[in-house]
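All remarks here apply to the structure that follows.
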Amino acid sequence: PGWFSEISPMWPGEAHSLKIEKILFQGKSDYQNVMVFQSATYGKVLVLDGVIQLTERDECAYQEMITHLPLCSIPNPKKVLVIGGGDGGVLREVARYASVEKIDICEIDKMVVDVSKQFFPDVAIGYDDPRVTLHVGDGVAFLKAVPAGTYDAVIVDSSDPIGPAKELFEKPFFQTVANALRPGGVVCTQAESIWLHMDIIEDIVENCREVFKGSVNYAWTTVPTYPSGVIGFMLCSTEGPAVDFKHPVNSIDASKRPLKFYNSEIHTAAFCLPSFAKKVIDAK
Ligand SMILES: NCCCN[C@H]1CC[C@H](NCCCN)CC1
């Protein structure tokens with residue numbers, strides 16, 4: 001019945017629309033409005049506070065890139081933490097690594113977990129892995145309680161800086177992430193769009209350069225149902241064994257379930273930026 005349009009002050013004057021076939025769920029959690037609808041051409045769609053989080057058709061691009069850009073950049077990741085990502089898609093991708101012994105996830109909104117398990121079984125399948133422990137709560141508090149140097153990798157699969165994820169884009173949070181990582185550990189965060197948010201990206205890069213004394217890189221990929229059709233990631237490492245994010249050192253066991261999007265060439269290509277973005281990001 002009609003169209004869903006993603007209208008937001010975060011991307012003024014533009015909106016991406018998807019044709020609705022059927023609304024499947026509408027609810028209000030302690031943190032945000034949650035909606036699921038069956039779209040005409042992108043499968044089921046998860047929407048939080050009017051912002052598209054994932055669709056069945058293109059979620060592979062985002063979940064595979066946000067996971068494999070960091071985890072293919074370090075040999076034998078063992079302990080991984082996911083902040084956000086309550087839909088379970090990142091867990092599904094982290095579970096591909098035989099070297100991983102422990103996967104912690106801290107998601108603030110239990111409704112996102114429950115709705116994903118009910119409507120997106122191929123995404124929430126990530127929770128089935130026995131290495132996964134779900135913590136429902138605030139990622140900032142969770143990280144503050146973590147012993148220093150606990151994790152090889154942290155993946156911050158957040159929504160946008162308006163709403164519950166606001167703190168996940170600020171310097172104190174990056175500091176707590178750096179503290180929770182081992183020397184030469186890596187973090188990958190959702191880092192918005194170079195077409196829409198160069199100012200936000202500039203601030204994030206500046207904060208990351210101050211906090212992460214290893215390497216700091218910005219990568220990006222295409223996700224047709226995110227505004228401007230692209231989304232970026234900050235790839236940072238702490239002081240210690242050098243990490244060259246641009247050349248993957250790990251291979252992935254894709255024998256059980258093929259990768260729909262990620263491969264080693266697109267890994268390297270993800271760090272190639274248009275000049276208007278390089279100017280801001282490399283200069284910082
Ligand atoms: N596991 C999927 C979580 C989705 N993360 C975010 C959802 C909101 C989306 N807005 C894009 C705003 C324009 N950059 C960014 C990714």
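Positions are given from 1 along the sequence. Keep in mind that this is a model prediction, so the values were computed, not measured. In each ligand, atom 1 is the first atom listed, and ligand 1 is the first ligand listed.
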Give a yes/no verdict on whether any heavy atom in [X] is under 4.0 Å from an atom of ligand 1.
| X | value |
| --- | --- |
| V90 | no |
| P227 | yes |
| S228 | no |

Got the closest protein heavy atom to [atom], with its distance?
| atom | result |
| --- | --- |
| atom 14 (N) of ligand 1 | E192 OE1, 2.9 Å |
| atom 2 (C) of ligand 1 | D87 OD2, 3.3 Å |
| atom 7 (C) of ligand 1 | Q53 OE1, 3.2 Å |
| atom 12 (C) of ligand 1 | W11 CZ3, 3.3 Å |
| atom 6 (C) of ligand 1 | S158 O, 3.2 Å |
| atom 8 (C) of ligand 1 | D160 OD2, 3.4 Å |
| atom 3 (C) of ligand 1 | D157 OD1, 3.2 Å |

task: With rounding to the nearest 0.5 Å, note down the distance linking OG in S158 to CD1 in I83.
output: 10.5 Å

Under a 4.0 angstrom heavy-atom cut-off, which atoms of ligand 1 come close to [X]?
| X | value |
| --- | --- |
| S193 | 14 (N) |
| I231 | 14 (N), 15 (C) |
| Q63 | 1 (N) |

Below 30° counts as parallel, above 60° as perpendicular, anything between as tilted: where do the rings of [X] and [Y] land?
| X | Y | value |
| --- | --- | --- |
| H16 | Y42 | perpendicular |
| F119 | F25 | tilted |
| F212 | F174 | perpendicular |
| Y226 | Y62 | perpendicular |

Answer yes or no: are there more than 12 heavy-atom neighbours, outside [X] itself, under 6.0 Å from its atom [atom1]?
| X | atom1 | value |
| --- | --- | --- |
| K166 | NZ | no |
| K278 | NZ | no |
| E239 | CD | no |

statement: Residue pairs passing the side-chain hydrogen bond (donor to acceptor under 3.5 Å, both in side chains) test with at least one member in residues 105-116, sequence neighbours excluded, are S29-D109, Q32-D109, K110-D114

